[in-house]
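Worksheet for the structure shown next.
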Amino acid sequence: MSRRGSSATAMAITMSPSTTWLLVLGPLLLLVLLVPTNGLANCPNGCECDDETLKVNCGVGTLDVLPIALNPSIQRLVIKNNKLKTIDSSMQFYSQLTFLDLSYNDMVTIPERSFAYHAKLQELHLNHNKIGQVSNKTFTGLTTITVLNLRGNLIAELEYRTFSPMVKLVELNLGQNRISHIDPHAFDGLINLSMLYLDDNTLTTVPSQLTFQALPGLAELYLGTNSFMTIPGGAFQDLSALTRLDLRGAGLHNISADALKGLEGIRYLDLSDNRLQAVPSAALQHLGRLEQLSLGQNDFEVIATGAFVGLRELRRLEITGAHRLRRVESGAFADNTNLEHLNLSANKQLNELLANTVGGFPHLSTVILKENQLSTLSESLFPWSDLQTLDLSENPFVCDCQLMWLRNLLISRNGSSQYAPVICAYPANLHELPLTQLAEPLLGCTHGGGNKQAIIGIMVVGCAALITTLALVIYTCRRRIREMLKGHSALGRKEREYQKTFSDEEYMTRPPPGCGGVHPASGYPCPSSYNSSQYLGSRPIPVTEL
Ligand SMILES: *[C@@H]1O[C@H](CO)[C@@H](O)[C@H](O)[C@H]1NC(C)=O
Ligand SMILES: *[C@@H]1O[C@H](CO)[C@@H](O)[C@H](O)[C@H]1NC(C)=O
Ligand SMILES: *[C@@H]1O[C@H](CO)[C@@H](O)[C@H](O)[C@H]1NC(C)=O
Ligand SMILES: *[C@@H]1O[C@H](CO)[C@@H](O)[C@H](O)[C@H]1NC(C)=O
Ligand SMILES: *[C@@H]1O[C@H](CO)[C@@H](O)[C@H](O)[C@H]1NC(C)=O
């Protein structure tokens, strides 16, 4: 540390080939004369300067110019969260830097050729400043740089060959700027670029095919939070090394069948938070290696049968916050037999999740169906009992016999924190009760399955209809019925009267027909075997009958 001043002077002298040395030397000499000889003051207030490791790290502070008299051999310089306004010529002294972080300052411009002597610099962080412009002379000299971070600035345009000197650049972050125009040759020379962030800008069209032709090694491309509306056919077809494409919040209304042409190696695709009216099945079906797909926060109402046809390697599927989604048709995931993680949460209108007709999901371990509008769930939808994580919370479930299987499953998994509780919404008497706490009879399964319940329902309705019809018929025919009833009762009375012509006494005393009781004058003799006196002897024959 004590050598700080003299070494700075020596450095300034060795720098003399630079045309700007005269400009620099004046203030520098002044500084050397002013600072105390112990050199400790050369490390600015709030900074840590380590001559061993050659690192300078300045904490949050109010530095508004680059410190001029740091050890010129430093390799790592961090001045974050200060008030730097620009990169002045003193930057030239620190030509041994491999890492430079000037993020979160107030820089408005970076003068041309600011890094002309930084042939060892590998990482440059200029993010979160107010830089409005970069040109093809801004980064001259940065031939070894691998990471350039310009995120969170005010850059509006990327000019012709802006990044051309950086042949080793691997990561370029231009997110959160105001870029609305990209020269088709802006990225020329970036043959090793692997990650490119252009998200959160004001692009209205996907950069031209020519732009991407310069990037044969590009693996990750972030284009979200722009307003593209649509993707031209073959826009990405030269990005044959691409594995991740992020189009989250890119204002897409549709994705035509050839929009994703050429992305055969892609494994992660984010299309969430767009305005897609339908699942872009035709565009997706060629992405045979796709492993993760995010499609939430779009405008489609249905996920149709075979929506993800061709995606045999799909492991993770997220469709969350799709506010218009109502129905997932049966067989929607039929082709996705390698599915491991399915997140269909916060789709506030989703109330139909139809059973899969085809195939199982042998690898499925996580199913999140939280915050939907589901009132019931089919047992045949997924291999529920094989899951490690299941979240069905915040759905208006109707706790009836159809959910008996779920109750039993959840009870069998009691103690597993990976299984969120299922709370009943209906019927009213079970409102807010956890499904697992309901005794079997409460679910009304005494007559077996749901089909039987339906049959019983139909029977009840049928009976009611029958009774009503009968009542109506009776009412309309009431007079005739009354008459009929009257007739019947008259006849009955007559019969009764007829039978009464003989008194009980008479019946008891009457002899068998043709005997005794018959007037002798009638000429019919009684059979000889009959002893009439036996009949007549016990009681006197009434005078009237003799
Ligand atoms: C920088 O861009 C200008 C046009 O904007 C061009 O004329 C010039 O040749 C470019 N310089 C380099 C080094 O590419
Ligand atoms: C690009 O990267 C590869 C592997 O990381 C490396 O072998 C190659 O030398 C690099 N090319 C340039 C021009 O730096
Ligand atoms: C896609 O959306 C854009 C913008 O809304 C529209 O102009 C275009 O006609 C649509 N294309 C298809 C195939 O629907
Ligand atoms: C499912 O998606 C929601 C919404 O995007 C998210 O908050 C949640 O963490 C996801 N759950 C899992 C287990 O990935
Ligand atoms: C689940 O387990 C807890 C203790 O781990 C127990 O208190 C609770 O009664 C159990 N619930 C059911 C429905 O078995």
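Computed from a prediction, not measured in an experiment: that's the story for all the values here.
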For the residue pair Phe99 and His125, categorise the inter-ring angle as parallel (less than 30°), tilted (30 to 60°) or perpendicular (more than 60°). tilted

Would you say the side-chain atoms of Asp238 pair up with the backbone N or O of Pro216, donor to acceptor, closer than 3.5 Å? no

Check whether the side chains of Arg315 and Asn338 place a donor and an acceptor atom closer than 3.5 Å, and report yes or no. no

May I have the step-by-step check of side chain to side chain donor-acceptor pair (under 3.5 Å) for Thr230 and Asn254, ending in yes or no? CA-CA 6 Å; Thr230 190; Asn254 56 43; 2.9 Å; yes

Regarding Thr162 and Asn136, do their side chains bring together a donor and an acceptor under 3.5 Å, going by distance alone? no

Would Arg248 and Ser272 count as a side chain to side chain donor-acceptor pair (under 3.5 Å) here? Give the steps. CA-CA 5 Å; Arg248 183 186 182 90; Ser272 57; 2.8 Å; yes

Result of checking Val56, Asn42, Leu54 against Leu70 for side chain to side chain contact (heavy atoms under 4.5 Å, CB included): Val56

Centre-to-centre under 6.0 Å for His118 and Tyr94, is that the case here? no

Is the backbone of Asn153 close enough, under 3.5 Å, to the side chain of Asn177 for a donor and an acceptor to pair up by distance? yes

Is the side chain of Thr202 donor-acceptor paired with the backbone N or O of Ile179 at a distance under 3.5 Å, no angle test? yes

Within the structure provided, determine whether Phe228 and Leu223 are in side-chain contact (heavy-atom separation under 4.5 Å). yes

Flag if over 12 foreign heavy atoms under 6.0 Å of NZ, Lys85: yes

Take Asp88 and Thr86, measure what side chain to side chain donor-acceptor pair (under 3.5 Å) needs, and give me the verdict at the end. CA-CA 6 Å; Asp88 55 54; Thr86 185; over 6 Å; no

Are the side chain of Thr243 and the backbone N or O of Ala219 linked by a donor-acceptor pair below 3.5 Å? yes

Return the orientation label for the Tyr197 and Tyr222 ring planes: parallel under 30°, perpendicular over 60°, tilted otherwise. parallel

When you measure from the side chain of Asp299 to the backbone N and O of Ala322, does any donor-acceptor pair fall under 3.5 Å? no

Interatomic distance, Leu364 atom CG to Thr337 atom OG1 [nearest 0.5 angstrom]: 11.0 Å

Are side-chain heavy atoms of Arg312 and Asp335 found at a separation under 4.5 Å? yes

Quick one: pull up CD in Glu352 and CG in Leu374 and give me the separation to the nearest 0.5 Å. 10.0 Å

Value rounded to 0.5 Å, distance of CG in Leu325 from CG in Asn298: 10.5 Å

Just checking, any donor-acceptor pair under 3.5 angstrom between side chains of Asn372 and Asn395? no

Supply the atom-to-atom distance Glu340 CD to Gln292 CD, rounded to the nearest 0.5 angstrom. 9.5 Å

Between the OG atom in Ser103 and the CG atom in Leu84, the distance rounded to the nearest 0.5 Å is 10.0 Å

Should we say atom CD of Gln277 is surrounded by more than 12 heavy atoms from elsewhere, each under 6.0 Å from it? yes

For Arg151, is there any backbone N or O sitting under 3.5 Å from a side-chain donor or acceptor partner on Asn173? no

Which value, rounded to the nearest 0.5 Å, describes the distance between Leu269 atom CG and Leu287 atom CG? 6.5 Å

Distance-only polar pair, side chains of Gln373 and Lys348, donor-acceptor under 3.5 Å: no

